Novice: 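Starting off with a structure, shown below.
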Amino acid sequence: MLSDGIISLRALEPIDVDTLYQWENDPSLWSVGVTLAPYSRKQLWDYVNNYDSDIYSAKQLRLMITLNENNKTIGTLDLCDFDAANSRCGVGILISSEFQRHGYGLRTLELTARYCRETYSLHQLFSTVAADNIPSRRLFEKAGYRISGRFKSWLRKADSYTDAYLYQKFL
């Protein structure tokens with residue numbers, strides 16, 4: 001298990017189905033991910049039970065973020081678009097609303113950077129963040145990510161589009 005003493009990143013477990021059900025079916029979060037429709041518990045059960053945690057074959061890895069003091073799951077971290085040949089990987093993070101603004105997101109990104117550098121010898125991490133998602137932009141900037149590009153009209157929000165920034169962190 002990956003830990004910094006305060007939080008840990010752990011593998012998906014069957015006990016996570018209800019938590020994922022809550023997060024994946026929250027329409028307010030759909031604009032920051034790729035979900036546009038609800039998931040059933042059965043779909044999430046199948047996903048967890050058939051999950052391939054080999055980042056080299058699946059090209060992605062999902063980890064759950066937990067508090068060490070009480071083992072409470074507070075979020076999820078997604079490594080996606082893993083590219084071993086070019087030593088890079090995308091990063092997505094969700095911290096449950098009641099645990100935001102306590103430094104857990106920053107701890108997660110710092111722990112993730114260390115893990116990706118030491119375990120996978122990655123050269124860089126990246127994330128695409130909506131221009132109007134100020135809290136996420138601040139989080140990535142605080143974690144040492146820098147803007148390296150802007151995508152015009154990149155993300156659809158209801159009946160309009162918003163720009164997005166490409167953030168990169170070199171390890």
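Just so it is clear, the structure is predicted and the values come from calculations on it, not from any experiment.
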Novice: On a heavy-atom basis, which atom in Arg137 and which in Ala131 lie closest, and how many Å separate them?
Specialist: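 Smallest heavy-atom distance, with atoms named: NH1-O, 2.9 Å.
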Novice: May I ask you to decide if Ala143's main-chain N or O and Lys169's side chain share a donor-acceptor pair within less than 3.5 Å?
Specialist: yes
Novice: Is the CZ atom of Arg150 crowded by more than 12 outside heavy atoms at less than 6.0 Å?
Specialist: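 Correct, the count exceeds 12.
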Novice: Please report the shortest heavy-atom distance between Ser53 and Leu61, naming the atom on each side.
Specialist: O-CD1, 3.6 Å
Novice: Should Asp18 and Arg41 count as an ion pair when the cut-off is N to O under 4.0 Å?
Specialist: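 Salt bridge: yes.
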Novice: Is the closest side-chain heavy-atom distance between Phe82 and Gln60 below 4.5 Å?
Specialist: no
Novice: Hey, is Arg114 close enough to Asp4 for a salt bridge, meaning N to O under 4.0 Å?
Specialist: no
Novice: Check the pair Arg107, Ile95 against side chain to side chain contact (heavy atoms under 4.5 Å, CB included), reporting the backbone distance first and the verdict last.
Specialist: CA-CA 11 Å; Arg107 286 180 170 280; Ile95 301 292; over 6 Å; no
Novice: As a quick check of understanding, evaluate side chain to side chain contact (heavy atoms under 4.5 Å, CB included) for Thr66 and Ile7, giving each step before the final call.
Specialist: CA-CA 6 Å; Thr66 60; Ile7 62 156; over 6 Å; no
Novice: Indicate yes or no: at least one non-hydrogen side-chain atom of Ile147 is less than 4.5 angstrom from one of Glu141.
Specialist: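 A side-chain contact exists here, since the closest heavy-atom pair is under 4.5 Å.
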Novice: What I'd like to find out is whether the side chain of Tyr39 reaches to under 4.5 Å of the side chain of Leu20, using heavy atoms alone.
Specialist: no
Novice: To the nearest 0.5 Å, tell me how far Leu79 CG sits from Lys59 NZ.
Specialist: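 If I round to the nearest 0.5 Å, the distance is 13.5 Å.
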Novice: Does Phe151, at its CZ atom, have more than 12 non-hydrogen atoms belonging to other residues, nucleotides or ligands within less than 6.0 Å?
Specialist: yes
Novice: What's the spacing between Cys116 SG and Gln124 CD if we round to 0.5 Å?
Specialist: 11.5 Å
Novice: Let's go through Ile93 and Leu139 carefully: what are the C-alpha distance in whole Å and the side-chain angles of both, what is the deciding distance for side chain to side chain contact (heavy atoms under 4.5 Å, CB included) to 0.1 Å, and is it a yes or a no?
Specialist: CA-CA 10 Å; Ile93 184 173; Leu139 170 63; 4.2 Å; yes
Novice: Once rounded to the nearest 0.5 Å, what's the spacing between atom OH of Tyr104 and atom CG of Leu109?
Specialist: 15.0 Å
Novice: So, Arg156 and Tyr161: side-chain donor and acceptor under 3.5 Å apart, yes or no?
Specialist: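 No pair is found: no donor N or O on one side chain lies under 3.5 Å from an acceptor on the other.
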Novice: Measuring from Ser136:OG to Tyr165:OH, what's the distance to the nearest 0.5 Å?
Specialist: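 If I round to the nearest 0.5 Å, the distance is 14.0 Å.
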Novice: Consider only side-chain heavy atoms of I, L, V, M, F, W and Y, link residues closer than 4.5 Å, and tell whether Ile6 and Leu63 are in one cluster.
Specialist: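 Same cluster: Ile6 reaches Leu63 through Ile, Leu, Val, Met, Phe, Trp or Tyr contacts under 4.5 Å.
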Novice: Compare every heavy atom of Asp78 with every heavy atom of Arg62, then report the nearest pair and how far apart it is.
Specialist: NE-OD1, 2.7 Å
Novice: Counting N and O atoms only, with roles assigned by atom type, does the side chain of Asp81 sit under 3.5 Å from a partner on the main chain of Cys89, one being a donor and the other an acceptor?
Specialist: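 The answer is no, because no donor-acceptor pair under 3.5 Å joins these two groups.
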Novice: Kindly indicate whether the side chain of Phe99, heavy atoms from C-beta on, has any atom under 4.5 Å from the side chain of Ile65.
Specialist: no
Novice: Measure centre to centre between the rings of Tyr120 and Tyr115, then say whether the value is under 6.0 Å.
Specialist: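 Yes: the rings meet the under 6.0 Å criterion.
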Novice: Please check: side-chain N/O of Asn86 versus main-chain N/O of Arg88, any donor-acceptor pairing under 3.5 Å?
Specialist: no
Novice: What verdict does the side chain to side chain contact (heavy atoms under 4.5 Å, CB included) test give for Leu44 and Glu24, after you've listed the backbone C-alpha separation in whole Å, the side-chain angles of each residue and the deciding distance to 0.1 Å?
Specialist: CA-CA 9 Å; Leu44 292 167; Glu24 297 288 355; 4.2 Å; yes
Novice: Measure the CG-CZ distance between Leu125 and Arg117 for me, rounded to the nearest 0.5 Å.
Specialist: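 Leu125 CG to Arg117 CZ: 9.5 Å, rounded to 0.5 Å.
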Novice: State, yes or no, whether a side-chain contact exists between Glu13 and Val48 at a heavy-atom distance under 4.5 Å.
Specialist: no
Novice: Quick one: pull up CG in Leu77 and OG1 in Thr108 and give me the separation to the nearest 0.5 Å.
Specialist: 7.0 Å
Novice: Are Val91 and Tyr145 side-chain neighbours, meaning at least one heavy-atom pair lies under 4.5 Å?
Specialist: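 Side-chain contact under 4.5 Å: yes.
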Novice: Please report the shortest heavy-atom distance between Leu155 and Ala164, naming the atom on each side.
Specialist: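 Here Leu155 and Ala164 meet closest at CD1-CB, 3.9 Å.
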Novice: Return the minimal non-hydrogen interatomic distance between Asn49 and Trp45, and the atom names on each side.
Specialist: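 The pair with the smallest heavy-atom distance is ND2-CE2, 2.7 Å.
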Novice: Are Leu2 and Thr119 side-chain neighbours, meaning at least one heavy-atom pair lies under 4.5 Å?
Specialist: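 Answer no - side chains too far apart.
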Novice: Does one hydrophobic cluster hold both Tyr56 and Leu122, with members joined at side-chain heavy-atom distances below 4.5 Å?
Specialist: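 In one cluster: yes.
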